[in-house]
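Values below: every heavy atom of this structure, side chains too, minus hydrogens, waters and symmetry copies. Residues: numbered from 1 along the sequence shown.
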Amino acid sequence: MSKENFQVPQNVKMNFDAQKLFGPKESIEEIMQMHQEGEYADTLSSTDNTKKLIANLIKNKEPFIELSKLVDSSAERKTILPMPKTLSSTSSKNIVYANAAANASPPNSTPNGAYVINFGTLYTDSISAKGDQRWYAFQLTAEKKLTVYMSPVADTAVDNDLYLYKFDQTNSSVTVVAQSRNKAGMYELLSYVAAAGIYFISVNSYACNTTNNFQIMAFTSDTWDEAEGDDSMTTAKEMPVNSEIIGTLDNSIDHDCRIWLVKEKGTYQLQLSVPSTTLKYQVQIFSSSQDLITSMEQNARVTFPNVAPGGYYLKIVSVDGKIDPAIKYNFSMILLPPDIIDTSKYMGMLSQSGKRLIEFLEPGAIEGLQHNALTIDRKEFKPQFIDFSTGRPSMPGYQCGGLGEINTQFDKDNLNVGTYTSDLININNALICTADNALYFWQLRKKFYHDYPAGYGQPDHTYYGGTDQYGTPYYIGVWRTEAPGKIQFILDVDQMKVVDMYSPNFFYGYPHDRAGVSGNGTHTFTPK
C-alpha cells in the first residue's frame, strides 16, 4: 500500500474538553506547571542533548539519519514527556507505554489522551505497531509559524510519519493542516503558519514490526517569509526554470523546499546568494526518491550539465544551525540556451523583479560568436548611439555619455542587477553594465549665437538649435571624444534602454568638465 493510499485521520471527533485541559485564561506555562505537579509529575532524568542534536541534524548530509551520529551514544537523552505514575524514572531507560499495564494502550494513542508539550523541548516516545498513533497538544495565544521535527530510529523497517492538526472548538474535531511523509529511516519536518488556537501533533506508524523510540520537538517563530510553510518535501512547491526564491530561515532547523521538474535534458545554472559572512547556508539536491545527490554552498554559481529529465527536490538549509531571520537569501535557477558549447563563457542572472532573464556571453560561448553579447530575455541588446539630453540644471554645461554603434562593446566587469536612484531618475529594475570604446561628451544646454565658453574650446560638432523669440537663429555645441577607459552605464531593464552614466560622470563629482567644473549630484546603485 502506497503512502498516497494510506488513510490519514481527518476530522476526528473527540470528547476532548479543551477548557478543562488548557483552561479559559491560563497560559501554556501555567498549564505545564499544573501537569508537572500533578498526575504526570514523574520524568526520566538524563543529560539534555537537544542543542547538539539540532546543530548536527543539518550538518549530516546523509538522508538516512542515524541517531548515533546526532547524539553521543554514551549520554542519555533528557526526556520530560509527561509520564503516568505507574512508570517511574527508575523503572526503565526507555519509554514503552505498553509495559505500564498489561494489554493497555498508551494514554496518548488518541487525541483525547494527548500530552501537552512545551516548545523547544525534545521529547522521546515510542510506538509499537503499524497503524499506531501518538498524540500531543499545545496552545497558541497569537499567530506564529510552527516547525515540528520528528526523528526515527536508524532502521529502514521503521516509517513514522508526522501530522499537524487544528482543533475546531465549534464541533470538537481536528483536521490535518500540514504533514511530512518522508521515506523510512528519514527524519520528518513540517511547518505551518498558525493562527491562535489549539493544535495537535500526531506521529503515525506507517510501517514497523517492533516497538521503537522516536523523538519529537516543536518550535515557534515570530517572523517568516511568505512561502512558509515549505519545510516538508510533501508540501514543496514547484520552482520553475529561470526563476528565483527570495526567502529566510527563521529557526535552526528551518528548511525551505522546492520541487524541480526537468522536462527535457538541459544544462542549468544554480546560485545561492546570502549577504552575510557569518551564516553558512546550503542547497541540497535530492532525487525523486529522496536520496541526496549533491549539495552546493552559498555565494557560488554552479553549472550542472546535461541534467536528466525527472523530478528533483531542492532544500535550502543552514549547515551549522545558525540563522538570521532578518537576512534574505536569493536562490536562482537558470536554464542555459541549448546552443551553449562553453559554459565557462556564460553568465546568467535575473533582474530585480525576478521576471527578466539577463545573460552575458563571451566569444566562443556559442558557435561563431565573435563579440561579447548582452541579452535580455534572449534578445541581444546592441550598442547604439545614445545622447543623454537630460539637462543638469545646476551646471553651465552637462556631461553626457554615449554608446557608439560600431566600436562599443560590453564586458562583464561589475555586471549586476538592482535599483538605481539619482537626482534625476529612479529605476527599480536596473542593470549596471560596463562598456569599452564608448563615447564621452559634453553638450551645452544654453543657446549660443556666436562664441562658446573659452574654457571649452571650439566644439567638435555644432548643430542648428532653432530660433529664439526674436527670430534669431542659435546653435548647440557638442564636445565629443572617445572615452580613454571603461564607462559604466545604467540600463532600464524593462525598457531595454540605457538611461544614465554611472562612472565617470562629472555631474556626480568625477571628473571635472571641460571648464574645470565638478558637480555635486548624488546617485546610488543598490545590488539586489
Side-chain angles (χ1 to χ4, degrees), residues 241-242 244 266-271 273 299-305 330 332-388 400-420 427 429-441 480-505 525-528:
V241 297
N242 300 335
E244 65 183 1
T267 299
Y268 289 80
Q269 174 192 285
L270 275 59
Q271 182 173 7
S273 300
N299 300 324
R301 182 181 285 119
V302 181
T303 300
F304 295 93
N330 184 297
S332 62
M333 176 196 296
I334 293 173
L335 173 62
L336 273 63
D339 54 353
I340 293 291
I341 58 176
D342 188 344
T343 58
S344 68
K345 297 179 179 180
Y346 170 90
M347 182 174 66
M349 64 183 69
L350 293 165
S351 66
Q352 173 75 15
S353 66
K355 297 178 180 180
R356 307 295 294 270
L357 174 61
I358 298 166
E359 298 169 296
F360 186 87
L361 291 79
E362 298 177 73
I366 61 176
E367 188 72 33
L369 182 64
Q370 300 296 320
H371 65 281
N372 290 341
L374 179 64
T375 72
I376 299 178
D377 291 341
R378 301 275 155 90
K379 180 179 179 182
E380 184 174 359
F381 181 82
K382 296 184 177 180
Q384 55 186 299
F385 179 71
I386 298 175
D387 181 344
F388 298 116
C400 298
L403 297 178
E405 303 95 325
I406 300 175
N407 296 321
T408 300
Q409 179 169 249
F410 294 110
D411 65 41
K412 64 180 180 181
D413 289 352
N414 301 312
L415 186 69
N416 211 340
V417 293
T419 59
Y420 177 68
I427 306 297
N429 215 16
L431 173 73
I432 189 168
C433 53
T434 305
D436 291 312
N437 303 322
L439 293 176
Y440 189 71
F441 58 90
R480 181 179 297 157
T481 58
E482 188 173 288
K486 296 180 179 180
I487 293 182
Q488 282 186 300
F489 294 92
I490 298 297
L491 189 147
D492 186 326
V493 175
D494 295 323
Q495 297 186 46
M496 287 191 69
K497 177 182 178 182
V498 174
V499 292
D500 203 358
M501 287 178 63
Y502 188 79
S503 178
N505 193 317
F525 178 83
T526 304
K528 183 168 71 171

Quick one: [atom1] on [X] to [atom2] on [Y], what's the gap to the nearest 0.5 Å?
X      : Y      : atom1 : atom2 : result
Asn330 : Glu244 : CG    : CD    : 4.5 Å
Asp413 : Phe360 : CG    : CZ    : 8.5 Å
Gln409 : Asp411 : CD    : CG    : 8.0 Å
Thr267 : Ile334 : OG1   : CD1   : 13.0 Å

Is a side-chain donor or acceptor of [X] paired with a backbone partner of [Y] at a separation under 3.5 angstrom?
X      : Y      : answer
Lys528 : Gly354 : no
Asp377 : Leu357 : yes
Gln269 : Gly348 : yes

Least distance between heavy atoms, [X] atom then [Y] atom:
X      : Y      : answer
Ser273 : Asn299 : CA-OD1, 3.3 Å
Tyr268 : Met333 : CD2-CG, 4.0 Å
Gly364 : Asp342 : O-CB, 3.7 Å
Leu369 : Glu362 : CD2-O, 3.3 Å
Pro363 : Asn372 : CD-OD1, 3.1 Å
Leu361 : Ile366 : CD2-CG2, 4.0 Å

Before giving the answer on side chain to side chain contact (heavy atoms under 4.5 Å, CB included), spell out for Phe525 and Ile490 the whole-Å C-alpha distance, their side-chain angles and the decisive distance to 0.1 Å.
CA-CA 9 Å; Phe525 178 83; Ile490 298 297; 4.0 Å; yes
Between Ser351 and Ile358, is the side chain to side chain contact (heavy atoms under 4.5 Å, CB included) condition met? List the steps.
CA-CA 7 Å; Ser351 66; Ile358 298 166; 4.2 Å; yes
Mind telling me whether Phe381 and Phe410 have parallel, tilted or perpendicular rings, with 30° and 60° as the class edges?
tilted
Test ring pair (Phe, Tyr, Trp, His ring centres under 6.0 Å) applied to Tyr346 - qualifying residues, sequence neighbours left out
none
Knowing that exactly one of Ile376, Asn429, Ile427 qualifies, which makes a side-chain contact (heavy atoms from CB on, under 4.5 Å) with Asp494?
Asn429
Flag the pair [X] / [Y] as yes when at least one side-chain heavy-atom distance between them is below 4.5 Å, and no otherwise.
X      : Y      : answer
Phe304 : Leu270 : yes
Pro337 : Glu359 : yes
Leu350 : Val417 : no

Applying side chain to side chain contact (heavy atoms under 4.5 Å, CB included) to Gln271 and Met349, what does each step give before you reach the verdict?
CA-CA 9 Å; Gln271 182 173 7; Met349 64 183 69; over 6 Å; no
Donor-acceptor side-chain pairing of Thr434 and Asn414 below 3.5 angstrom:
no
